[in-house]
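So the structure is just underneath, and the comments pick up after that.
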Amino acid sequence: MAVKRKIIKERVPTPERPAEERIKSFVEVNLGYTFELAVKEAERCLQCPYNYAPCIKGCPVHIDIPGFISKLVEYRDDPDKAVKEALSVIWTCNSLPATTGRVCPQEDQCEMNCVMGKVGDKINIGKLERFVADYAREKGIDEELLFEMIPRIEKKGQKVAIIGAGPAGLTAAGELAKLGYDVTIYEALHEAGGVLMYGIPEFRLPKSIVESEIDKLKKLGVKILTDHIVGRTVTIEELLEEYDAVFIGSGAGTPRLINAPGINLNGIYTANEFLTRVNLMKAYLFPEYDTPVKVGKRVVVIGAGNTAMDAARSARRFGSEVIIAYRRGPEDVSARVEEVEHAKEEGIKFEFFVNPVEFIGDGKGNLKAVKFEKMKALDERDSRGKRKIVGTGEYVTIEAETAIIAIGKHPNRLIVNTPGLKVERGRIVVDENLMTSIPGVFAGGDAIRGEATVILAMGDGRMAAKAIHEYLTKKRENGNA
Amino acid sequence: MYKILEKKEIAMRNTWYKVHAPHVAKKVKPGQFVIVRAFKNGERIPLTPVMWDRDEGWIVLIVFTRGKTTARMANELKPGDEILNIAGPLGNPAEMEKFGKILAIGAYTGIVEVYPIAKAWQELGNDVTTLHVTFEPMVVLKDELERAVGRHVVETVPIDPNLDFPTNMKNVTKRLVEKVREMLEKESYDLVFMVGPTGDQKAVFEVVKEFGVPMKADLHPIMVDGTGMCGACRVTVGGEVKFACIDGPEFDAYEIHWDELIARSGYYTDMEQRAMQEYMKLIEQALQGGEQ
């Protein structure tokens with residue numbers, strides 16, 4: 001392969017809808033590549049050998065990135081073939097590429113390590129992945145691949161229950177179904193998808209795309225029971241009587257609140273409530289959809305992760321002035337770079353080094369303003385490598401009718417309260433195979449991590465599926481099937 | 001999808017639905033609720049299973065027509081139709097202990113939530129008196145409660161057509177408070193329990209407090225998911241923030257921050273009215289269309 005390559009330093013950009021237009025609707029912001037643009041970007045890839053490729057090492061699910069990118073170039077004269085070949089490479093590691101192509105923090109993972117970064121722009125891996133998934137879906141190529149795959153699956157005759165239809169649970173379900181297990185997902189909400197449905201807004205991840213990814217799992221034979229709350233409708237003990245193994249992918253369902261006076265005033269939402277109303281219940285279409293949401297003229301979002309960006313950008317689409325208030329500095333913002341840029345383009349302002357100390361009411365139970373203490377950073381760093389911060393004793397008040405708290409979540413208490421399940425600081429404890437303290441019960445995603453990203457949860461789902469497969473293989477061999 | 005096996009209007013603005021929901025019927029205990037999403041564009045609303053059959057897999061919901069979603073349910077759903085989602089059971093079951101002499105109060109359709117709990121308390125050996133205060137045409141479950149508990153008292157208020165609905169409701173509150181005072185003066189109770197609008201719960205609590213009787217209140221704050229995920233239903237109890245869906249719905253009335261709860265319950269009233277008005281307009285249009 002000693003072909004001499006011409007190095008193209010600049011990334012092929014993906015078209016985006018202009019900011020002034022997109023703040024008026026929930027339609028997707030990024031428009032994605034066409035085949036021609038995707039091939040142009042794919043050609044920039046240096047094709048590092050598999051064993052070396054640093055992008056693969058940076059990917060929590062280890063997708064063969066040069067492998068799928070090369071297919072686009074190799075079959076450039078036959079777009080359908082190119083996409084089919086590329087998708088079959090991706091699918092060996094990732095069943096939800098339309099989702100991860102949109103929501104992964106690529107700059108901290110695959111793209112962070114890209115060798116092209118030493119001489120120019122890194123390869124736009126996320127958008128290429130998204131292109132493959134979108135093109136395949138639009139042309140029915142994913143269905144075709146699935147159709148070829150299904151008859152080759154050898155049924156194992158063992159049953160696995162999955163708790164939660166979010167990224168971890170869906171991934172584990174997909175992998176286990178491909179291995180021939182009989183998989184049933186128990187989902188508390190009325191729709192599968194977890195955070196992909198209730199948390200991430202339509203303008204970043206259209207719900208029709210999540211639905212189509214879930215449909216593929218159903219075609220693989222995965223059963224999904226919505227409206228079933230594990231811990232109430234059915235317990236883990238009961239699941240163990242019926243299933244050979246259980247995977248907990250229940251996420252970080254409980255919002256963290258701020259311990260400050262006035263936290264229960266009207267107008268103060270947790271990001272979970274706000275985003276659930278807007279995304280899952282479509283409150284932006286009220287009164288055509290029955291669920292209301294109130295977004296004041298001035299909105300303060302507290303926190304600076306992806307959830308905070310999602311909440312802020314959603315609030316902006318109601319015509320409000322939005323400020324993101326964060327107790328640390330810009331270097332500690334944990335949201336994806338693309339989301340922060342999009343937020344700024346959409347006119348959202350940032351206030352750094354401010355920590356909320358009081359929510360001030362209007363005397364009728366409604367929020368009027370938020371009082372913050374100004375903070376300053378020290379040189380000392382905490383365990384996560386972030387600079388420690390201290391209060392300055394100076395205060396600033398921001399007027400707002402709506403405050404959205406986006407400072408993180410704890411795992412759902414209904415699951416954590418299972419007898420015999422070892423839990424530390426609200427998180428389920430697992431061994432190196434993701435098995436919990438209950439034999440046959442595995443866990444992954446935010447239920448064990450606290451709060452992380454979609455792709456880390458999917459990585460856990462994949463790893464757990466592998467561990468469950470080994471566990472059940474042993475069980476079969478011992479004659480317990 | 002959950003099939004409606006029976007549907008009937010059992011009193012003014014009170015509709016009875018017998019629904020196939022085996023996953024709930026199998027597990028539900030008195031004091032628990034379900035979240036119902038009846039239509040694709042409908043809200044998720046908390047409702048209480050009033051009766052159930054574990055073997056046959058059905059539950060009974062009695063729904064008070066209050067806003068757009070419940071009005072649509074009453075108008076649009078027919079027996080044989082399906083309710084899109086019924087999630088549950090949710091919330092903690094009511095404490096089943098021998099408390100002694102209990103006064104269990106239901107205002108308006110709140111009595112339907114009192115019913116399974118009061119029945120179970122009576123079966124456990126408590127001496128249960130139930131009190132139902134509502135408008136005259138809205139009495140429900142009278143015979144069932146008379147059979148289930150030691151004594152069932154119904155207090156009704158006529159609807160004065162010259163007054164608006166909020167003023168009429170004030171008359172119910174007045175009668176409710178008078179009746180509770182009268183009952184507590186006459187006999188001593190070991191526990192008072194109440195379900196009903198938050199304002200009425202607070203009014204009753206003010207009376208009960210004077211007599212120093214322990215009181216539990218079954219709360220109905222605004223909810224979205226019902227599983228502890230959103231925090232919409234948060235309520236301050238004993239100075240701590242609790243989620244009614246997973247910590248409740250039942251709390252010690254002496255510990256509840258009532259005024260905060262009342263303010264939170266009314267946050268969407270204006271939007272609910274708007275949704276209802278638009279819905280009424282649609283119905284009027286449909287009726288006019290039908291007359292042509």
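Each chain gets a letter, A, B and so on, in the order its sequence line appears, and its residues count up from 1. Worth knowing before you read on, the calculation uses all heavy atoms, side chains too, and leaves out hydrogens, waters and symmetry mates. Treat the numbers as computed from the prediction; the structure is a model and nothing was measured.
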Check your understanding: Taking atom CG of B/Asp225 and atom CG of A/Leu280, what is their separation to the nearest 0.5 Å?
Key -> 9.5 Å

**Study point:** Atom pair OG1/CD1 of A/Thr254 and B/Ile246 - distance to nearest 0.5 Å
**Key:** 5.0 Å

**Study point:** Distance in Å, B/Met229 CE paired with A/Thr270 OG1, rounded so as to fall on 0.5 Å steps
**Key:** 8.5 Å

Exercise for review: Classify the ring geometry between A/His228 and B/His23 as parallel (under 30°), tilted (30 to 60°) or perpendicular (over 60°).
Suggested key: parallel

Check your understanding: Most heavy-atom pairs under 4.5 angstrom with chain A, which of B/Gly231, B/Gly226, B/Ala232?
Key -> B/Ala232

**Study point:** Verdict with reasoning, A/Glu238 to B/Lys27, per side chain to side chain contact (heavy atoms under 4.5 Å, CB included)
**Key:** CA-CA 12 Å; A/Glu238 287 165 330; B/Lys27 270 299 170 69; 2.6 Å; yes

Revision key, fill the gap. If one checks every heavy atom of A/Asn366 against chain B at 4.5 Å, the contacting part turns out to be side chain

Exercise for review: Can you tell which part of A/Phe274 gets under 4.5 Å to a heavy atom of chain B, answering side chain, backbone, both or neither?
Suggested key: neither

Check your understanding: With no hydrogens and no angle check, do the side chains of A/Asp227 and B/Tyr2 hold a donor and an acceptor under 3.5 Å apart?
Key -> yes

Practice item. Using a cut-off of under 4.5 Å on heavy-atom pairs, state which of B/Glu278, B/Lys26, B/Glu260 scores highest against chain A. Key: B/Glu260

Review point. Non-hydrogen atoms of chain A under 4.5 Å away: do they reach the side chain of B/Lys40, the backbone, both or neither?
Key: both

Exercise for review: Determine, for B/Asp270 against A/Lys294, whether the closest basic-nitrogen to carboxylate-oxygen distance falls under 4.0 angstrom.
Suggested key: yes

Practice item. Between chain A and each of B/Ala21, B/Gly42, B/Gly266, B/Pro89, count heavy-atom pairs under 4.5 Å; write down the option with the most. Key: B/Pro89

Review point. Where does A/Leu275 contact chain B at under 4.5 Å (heavy atoms): side chain, backbone, both or neither?
Key: neither

Practice item. Report the C-alpha separation of B/Tyr267 and A/Leu265 in whole Å, then their side-chain angles, then the decisive distance to 0.1 Å, and conclude whether the side chain to side chain contact (heavy atoms under 4.5 Å, CB included) test is met. Key: CA-CA 10 Å; B/Tyr267 189 48; A/Leu265 285 166; over 6 Å; no

Check your understanding: Which residues in residues 53-76 of chain B have a heavy atom less than 4.5 Å from any heavy atom of chain A?
Key -> B/Lys68, B/Thr69, B/Arg72

**Study point:** Engaged part of A/Thr276 at the chain B interface, taking heavy atoms whose separation is under 4.5 Å
**Key:** side chain

Review point. Checking heavy atoms, do the side chain of A/Ile268, its backbone, both or neither come under 4.5 Å from chain B?
Key: both

Practice item. Heavy-atom distances under 4.5 Å only: say whether A/Glu187 touches chain B with side chain, backbone, both or neither. Key: neither

Point to revise | Winner by heavy-atom pair count (cut-off under 4.5 Å) against chain A, out of B/Arg274, B/Gln32, B/His257, B/Arg44 | key: B/Arg44

**Study point:** Between CG on residue A/Leu414 and OG1 on residue B/Thr227, distance to nearest 0.5 Å
**Key:** 6.5 Å

